[in-house]
Structures are given as C-alpha cells and as structure tokens.
Amino acid sequence: MAFRKKADRILEYDPDILIVPECENIDALKFPTSTKQPTDIIWHGDNPHKGLGVFSYNGYKLKLLETHRSKFKTILPIAVTEGAIDFVLFAVWANNPLDKPNQYIGQVWKAMRSYKKFINKEKTILAGDFNSNTIWDRPRRIGNHSEVVKVLGVKKIRSVYHHHFKQVQGKEEHATFHLYRHLDKPYHLDYCFASDDLLCKLRHVEVGAHEHWNMHSDHVPLIVDFDL
C-alpha cells in the first residue's frame, strides 16, 4: 500500500512495466514532482486503498482489453504497445475474498479458462502476485498451482524464474514473500510466465533481497529483463 511513497525505490531499476498489488487507486496516486512519472496507469479493485496497479514507463502504452471480465477485478488482460514488440500482459493479483474456496490460485485458474482464447503461445506474459505455490496443492482439487503451471506449459508459457535459475516448482531457493516480514518465514508467491518466443529473449532475472525491501513490504520484487 501507499505505493506513491515507495515508488522511487523500485524506479531506481528504470522499469518499463511495473505490476503493483495492494496499490492505492489513481486518485490517490499523487507522486512527488521529483519522481519519474508513468506513461500510463491501469488500476482495478474494490478498495480504493488496495487494488492492482499496472504502470508503464519509457513510452510503453497500456490498454485494458475489452475482453476483461469484471468478475476478475485483479487479473487484467492488457495490450502493451509502443515498445520493441507488442504483447499481451495478464497482470495478476490473485486474491478474491468473496470467493473463499477459490480465493487465491483458483482465481488464476478461473481466469485462464475464461481467457483461454486470448492466452496464446506467442507474445504473452502472465505476471504478478499469484499468492500460491505447489507446496499447498490439494491433490484432488482441480485448478491447484501445479495444474495452472501444467496448462500454461501446454501452451508453451513457462515461469521465467524457474527457467533462469533451473528451479523446480515448490523447491525455490529464493523467496518473494516473508510472512510478517520475518526472515524465517519465506515463501515463493510471485511469478512471471512468458511464452517461449519471449523466454528465448530472457536476459536476466533477479529476486530482491529481504534486507533491502522488508522496510517497504512483506514482498520483494521479481525483476525480469528481456532483450527485445
């Protein structure tokens, strides 16, 4: 929350696209004049203090696709243009407390089924806070974390973190979240999945260090760099 007060820290990395869960709405986003201003902003959510914000910089343009289903308030299909290539970004904050049985990864599963015609094998990225990990799979439940990874894999869309660091789902060496900001409560909940045509252009993946970010959030950034 209060991204406007923390933006300078992540803007040191000169991002093109930022996905910010638990972000205040556009009316509250009054950045200081010394802060780099975004090219475009898309925000969705019910709570004006805590929705999903997507920001572009360096001339990249964002447009929420007309295919957006309002029931998936914080899983947003976005056309990204004016860069080296155009692509479709599904920005994710998997959290719907009104759908308790499917509050977290179930939202991603439902959205994937709803948007299946638009989740393509090329020029597609799904990224953000999935609030999920294979360690919490319920074996007989349709739409658990492993099923989401499997279905994306069939479409040749894969996790850039696991590809880059040669990791196995559920056994990640790097945490993206620390419960209560405690170093001894680490989990990997944040992901970027990219279609193979983009994955082959992957240059670098970085997971922020707990000691550098815990004063700002219980999450650390997952930073992905493509050579486009």
Side-chain angles (χ1 to χ4, degrees), residues 1-45 47-62 74-76 78 80 82-83 89-95 125-133 159-161 164-165 167 172-194 202-228:
M1 293 183 284
F3 174 65
R4 65 193 182 279
K5 299 178 181 179
K6 309 172 186 178
D8 284 342
R9 181 69 181 88
I10 193 66
L11 289 176
E12 293 175 8
Y13 289 83
D14 191 27
D16 294 316
I17 308 290
L18 282 177
I19 300 170
V20 185
E22 301 190 23
C23 178
E24 64 271 43
N25 70 10
I26 292 175
D27 291 338
L29 281 167
K30 308 299 183 186
F31 294 109
T33 55
S34 59
T35 297
K36 183 177 180 178
Q37 302 299 303
T39 304
D40 272 339
I41 304 172
I42 293 176
W43 185 94
H44 264 260
N47 182 338
H49 307 292
K50 206 172 183 183
L52 176 61
V54 185
F55 302 80
S56 69
Y57 297 87
N58 302 324
Y60 279 79
K61 302 292 290 183
L62 305 176
T74 52
I75 299 178
L76 306 177
I78 296 170
V80 181
E82 302 299 324
L89 167 68
F90 288 85
V92 174
W93 178 30
N95 183 19
I125 291 176
L126 296 87
D129 178 3
F130 285 59
N131 265 319
S132 183
N133 192 287
S159 165
V160 300
Y161 167 84
H164 182 76
F165 289 107
Q167 298 284 292
E172 294 85 1
E173 293 180 11
H174 307 86
T176 67
F177 170 81
H178 293 85
L179 187 63
Y180 310 124
R181 306 194 187 193
H182 293 175
L183 188 59
D184 63 346
K185 298 183 185 300
Y187 300 97
H188 192 101
L189 306 182
D190 303 86
Y191 303 85
C192 174
F193 291 86
L202 183 65
R203 181 159 48 193
H204 180 69
V205 178
E206 178 181 343
V207 179
H210 173 264
E211 61 268 25
H212 295 158
W213 294 96
N214 69 329
M215 67 194 74
H216 304 292
S217 175
D218 47 9
H219 288 257
V220 299
L222 175 64
I223 301 168
V224 179
D225 185 15
F226 295 97
D227 183 6
L228 302 179

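Nothing fancy with the numbering, it's 1 onward along the sequence.
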Legend entry - Beyond-backbone contact of F55 with L29, side-chain heavy atoms, under 4.5 angstrom: yes
Inset, instruction - Look at the rings of F3 and F31 and say which category their plane angle falls in: under 30° parallel, 30 to 60° tilted, over 60° perpendicular. - result: perpendicular
Inset, instruction - Taking all heavy atoms of R9 and all of E12, pick out the closest pair and write down the distance. - result: NH1-OE1, 3.1 Å
Legend entry - Backbone N/O of W93 and side chain of T74: donor-acceptor pair under 3.5 Å: yes
Inset, instruction - List in chain and number order the residues that pass ring-ring contact (aromatic ring centres under 6.0 Å, His included) with F226, two or more places apart in sequence or in another chain; answer none if no residue qualifies. - result: none
Inset, instruction - Could you list the residues that satisfy salt bridge (charged side-chain N to carboxylate O under 4.0 Å, His left out) with D225, not counting sequence neighbours? - result: R203
Inset, instruction - With sequence neighbours excluded, tell me which residues meet salt bridge (charged side-chain N to carboxylate O under 4.0 Å, His left out) with D184. - result: none
Legend entry - Donor-acceptor pair, side chain of E172 and main chain of Q167, under 3.5 angstrom: no
Legend entry - CD1-CZ distance between I75 and F130, expressed to the nearest 0.5 angstrom: 8.0 Å
Legend entry - Interatomic spacing from NE2 in H164 to CG in L202 - rounded to 0.5 Å: 6.5 Å
Legend entry - Separation between NZ of K6 and CG of L11, rounded to the nearest 0.5 Å: 13.5 Å
Inset, instruction - Using the side chain to side chain contact (heavy atoms under 4.5 Å, CB included) rule, pick out the option among L89, D190, L222, I125 that qualifies with I19. - result: L89
Legend entry - Side chain N25, main chain A28, donor-acceptor under 3.5 Å: yes
Legend entry - Pair E173-F165, side chain to side chain contact (heavy atoms under 4.5 Å, CB included): steps then yes or no: CA-CA 9 Å; E173 293 180 11; F165 289 107; over 6 Å; no
Inset, instruction - For residues P21 and D129, report the shortest heavy-atom separation together with the two atoms involved. - result: CG-CB, 3.8 Å
Inset, instruction - Output yes when a side-chain donor or acceptor of W43 lies under 3.5 Å from a complementary backbone atom of C23, and no otherwise. - result: yes
Legend entry - With sequence neighbours excluded, residues passing ring-ring contact (aromatic ring centres under 6.0 Å, His included) with Y13: none
Inset, instruction - Give the C-alpha distance, both sets of side-chain angles, the deciding distance and a yes or no for side chain to side chain contact (heavy atoms under 4.5 Å, CB included) between E22 and K50. - result: CA-CA 4 Å; E22 301 190 23; K50 206 172 183 183; 3.3 Å; yes
Legend entry - Nearest heavy atoms of V220 and A175, plus distance in Å: CG2-O, 3.5 Å
Inset, instruction - Please assess T39 against Y60 for the test side chain to side chain contact (heavy atoms under 4.5 Å, CB included), listing each intermediate value before the final yes or no. - result: CA-CA 7 Å; T39 304; Y60 279 79; 5.9 Å; no
Legend entry - Q37 side-chain N/O to T35 backbone N/O, donor-acceptor pair under 3.5 Å: yes
Legend entry - K30 versus D27, closest heavy-atom pair with distance: CE-O, 3.0 Å
Inset, instruction - Could you please spell out the steps behind the side chain to side chain donor-acceptor pair (under 3.5 Å) verdict for H188 and Y161? - result: CA-CA 10 Å; H188 192 101; Y161 167 84; 4.5 Å; no
Legend entry - F193 to S159 - nearest heavy-atom pair and separation: CD2-N, 3.3 Å
Legend entry - Residue list, salt bridge (charged side-chain N to carboxylate O under 4.0 Å, His left out) with D40, at least two apart or on another chain: K61
Legend entry - Flag if over 12 foreign heavy atoms under 6.0 Å of NZ, K5: no
Legend entry - Approximate separation, where rounding is to 0.5 Å, of I78 CD1 and H44 NE2: 8.5 Å
Legend entry - Reported CD1-to-OH distance for the pair I41 and Y57, which is rounded to 0.5 angstrom: 7.0 Å
Legend entry - L52 versus A91, closest heavy-atom pair with distance: CD2-O, 3.6 Å
Taking distance alone, no hydrogens or angles, what donor-acceptor pairs closer than 3.5 Å link side-chain atoms of residues 204-213 to residues at least two apart or in another chain?
unit_1, atom_1, unit_2, atom_2, d
H210, NE2, R181, O, 3.0

Inset, instruction - Kindly determine whether L62 and V80 satisfy side chain to side chain contact (heavy atoms under 4.5 Å, CB included), including the steps that lead there. - result: CA-CA 5 Å; L62 305 176; V80 181; 3.9 Å; yes
